[in-house]
Amino acid sequence: MTTGQLYERIGGGYARHRRSDPRLVAQLDRALGDARTVLNVGAGTGSYEPGGRRVVAVEPSAVMLAQRPAHAPPAVRGLAEALPVADDAVDAALAVLTVHHWRDLRAGARELQRVARRQVILHFVPGHPFWLADEYFPELRDLETTGNPSVEEVADVLGASRVEVVPVPWDCTDGFFSAYWRRPDAYLDPEVRAAISYFARLDDAVLAPGLARLRADLESGAWRDRHADLLGRDEFDGGYRLLVAE
């Protein structure tokens, strides 16, 4: 299944559950620096499109494009590997949690370099420790580590000048994979899971045993006992990394 096909099927709830978190927005804004024009690649419903700059979005899914608010910057349908944009068209190319959906990392990186002098990519460490996959859904871990490029690979292809840790706040408003690290009940919500591509790729029958264990551990207090250290923390390293290249 291609990225476009996946999001045609699961993208209906993205506008509700995948909203920009202001703390991530601030970190991305610092990485964009003095860029006045930005191309948002794999833009989805418009999360993380910076204010105060001229932005154009590229997104392969019509379902996602249809959910962009009326005030959002202009958007066109297209793939990272073949951006419908002229050479050196913008100051910066932004790609937020989308590299793992690209068909060809090198082709996508070349396109970002072709159209912009600066590249800013939010990616993740495949297989980074996280209780959700480690204890309940090993199938998710298999999906995460199969075929996805490492941070080191992305940094090498881009020629990244720096890599930053992006901590996940406990009340993160963007419902990506580890956003609910301190709010485990959220993973029992089918709408929340439907907005996380790894969950959406697995059949309900595959997920059922893990969901049953998680529900039982939450009801018994076993999850809380095991992860009491998380409950007093405001941030969590979920393996997300911000790469910047020029």
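- Here CG of Asp174 is found 7.0 Å from CG of Asp21. Values are rounded to the nearest 0.5 Å.
- Residues Leu65 and Tyr48 do not share a hydrophobic cluster, clusters being chains of Ile/Leu/Val/Met/Phe/Trp/Tyr side chains in contact below 4.5 Å.
- Contact annotation: the side chain of Val166 approaches that of Leu122 to within less than 4.5 Å [non-hydrogen atoms, C-beta and beyond].
- The pair Asp104-Arg106 fails the salt-bridge criterion, with no side-chain N (NZ, NE, NH1 or NH2) lying under 4.0 Å from an Asp/Glu carboxylate O.
- Take Glu153 and apply the salt bridge (Lys or Arg N to Asp or Glu O under 4.0 Å) test, not counting sequence neighbours, and it matches no residue.
- Counting heavy atoms from C-beta outward, Leu242 and Ile121 have side chains that stay 4.5 Å or more apart.
- Using a 4.5 Å cut-off on side-chain heavy atoms (C-beta onward), Val165 and Tyr240 make no contact.
- Taking Glu144 as the reference, Arg141 meet the salt bridge (Lys or Arg N to Asp or Glu O under 4.0 Å) condition, with sequence neighbours excluded.
- Remark: Arg114 engages Asp87, Glu111 in a salt bridge (Lys or Arg N to Asp or Glu O under 4.0 Å) (not counting sequence neighbours).
- Within the model, atoms CZ of Arg23 and CG of Asp234 stand 9.5 Å from one another, a figure rounded to the nearest 0.5 Å.
- Between Phe176 atom CZ and Ile196 atom CD1 the span is 9.5 Å, to the nearest 0.5 Å.
- Here the closest heavy-atom approach between residue Glu59 and residue Gly42 is recorded as OE1-C, 3.4 Å.
- A ring-centre distance under 6.0 Å is not found for Phe137 and Tyr187.
- Contact of the Ser150 side chain with the Val125 side chain is not registered, since no non-hydrogen atoms from C-beta on lie closer than 4.5 Å.
- Not counting sequence neighbours, Ser20 has no partner by the side chain to side chain donor-acceptor pair (under 3.5 Å) test.
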For residues 203-218, which side-chain donor-acceptor pairs fall under 3.5 Å, sequence neighbours excluded?
{"residue": "Arg213", "atom": "NH2", "partner": "Tyr136", "partner atom": "O", "Å": "2.7"}
{"residue": "Asp217", "atom": "OD2", "partner": "Tyr136", "partner atom": "OH", "Å": "2.7"}
{"residue": "Asp217", "atom": "OD2", "partner": "Arg226", "partner atom": "NH2", "Å": "3.1"}

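- Every ring-ring contact (aromatic ring centres under 6.0 Å, His included) that Phe177 has, sequence neighbours left out, goes to Phe130, Tyr198.
- Considering only heavy atoms from C-beta on, Phe236 stays 4.5 Å or farther from Trp170 through its side chain.
- Scored by the side-chain contact (heavy atoms from CB on, under 4.5 Å) test, Pro74 finds Val56 as partners (sequence neighbours excluded).
- The CG atom of Leu143 sits 8.5 Å away from the OG atom of Ser197 when rounded to the nearest 0.5 Å.
- Taken from CZ in Arg54 to CG in Leu39, the straight-line distance is 12.0 Å, to the nearest 0.5 Å.
- Applying the ring pair (Phe, Tyr, Trp, His ring centres under 6.0 Å) test to every pair with at least one member in residues 212-232, sequence neighbours left out, gives these pairs: Trp131-Trp223, Trp131-His227, Trp223-His227.
- Between Gln113 and Arg118 there is no side-chain heavy-atom pair separated by less than 4.5 Å.
- Shortest non-hydrogen contact noted between Ser47 and Asn40 is O-ND2, 3.8 Å.
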Side chains of residues 154-163: which donor-acceptor partners sit under 3.5 Å, not counting sequence neighbours?
{"residue": "Ser161", "atom": "OG", "partner": "Val244", "partner atom": "O", "Å": "3.1"}
{"residue": "Arg162", "atom": "NE", "partner": "Glu164", "partner atom": "OE2", "Å": "2.8"}

Would you mind writing out the side-chain donor-acceptor pairs for residues 31-38 within the sub-3.5 Å range, not counting sequence neighbours?
{"residue": "Asp34", "atom": "OD1", "partner": "Arg117", "partner atom": "NH2", "Å": "3.1"}
{"residue": "Thr37", "atom": "OG1", "partner": "Asp91", "partner atom": "N", "Å": "2.8"}
{"residue": "Thr37", "atom": "OG1", "partner": "Asp91", "partner atom": "OD2", "Å": "3.3"}

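- Listed here is the closest heavy atom pair of Pro50 and Val55: O-CG2, 3.6 Å.
- Put simply, CG on Leu94 and CG on Asp29 are 10.5 Å apart, with the number rounded to the nearest 0.5 Å.
- Across all non-hydrogen atoms, the minimal contact from Ala107 to Glu81 is CB-CG, 4.0 Å.
- Here the side chains of Arg19 and Thr45 are not in contact, with every heavy-atom distance at 4.5 Å or above.
- Pairing each heavy atom of Pro149 with each of Pro126, the nearest pair is O-CG, 3.5 Å.
- With sequence neighbours excluded, the residues satisfying salt bridge (Lys or Arg N to Asp or Glu O under 4.0 Å) with Arg241 are Asp237.
- Between His100 and Phe124, the ring centre distance stays below 6.0 Å.
- Under the side chain to side chain donor-acceptor pair (under 3.5 Å) criterion, Arg182 pairs with no residue at all, not counting sequence neighbours.
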Trace of the salt bridge (Lys or Arg N to Asp or Glu O under 4.0 Å) decision for Arg201 with Glu139: CA-CA 10 Å; Arg201 287 175 172 171; Glu139 302 87 357; over 6 Å; no

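- Judged purely by distance below 3.5 Å, without hydrogens or angles, the side chains of Asp185 and Tyr180 never pair a donor atom with an acceptor atom.
- Contact record, Asp171 with Arg183: C-NH2, 3.7 Å, taken as the closest heavy-atom pair.
- Taking 4.5 Å as the limit, some side-chain heavy atom of Arg224 sits within range of a side-chain heavy atom of Leu231.
- Side chain of Ser61 to backbone of Met64: a donor-acceptor contact under 3.5 angstrom is found.
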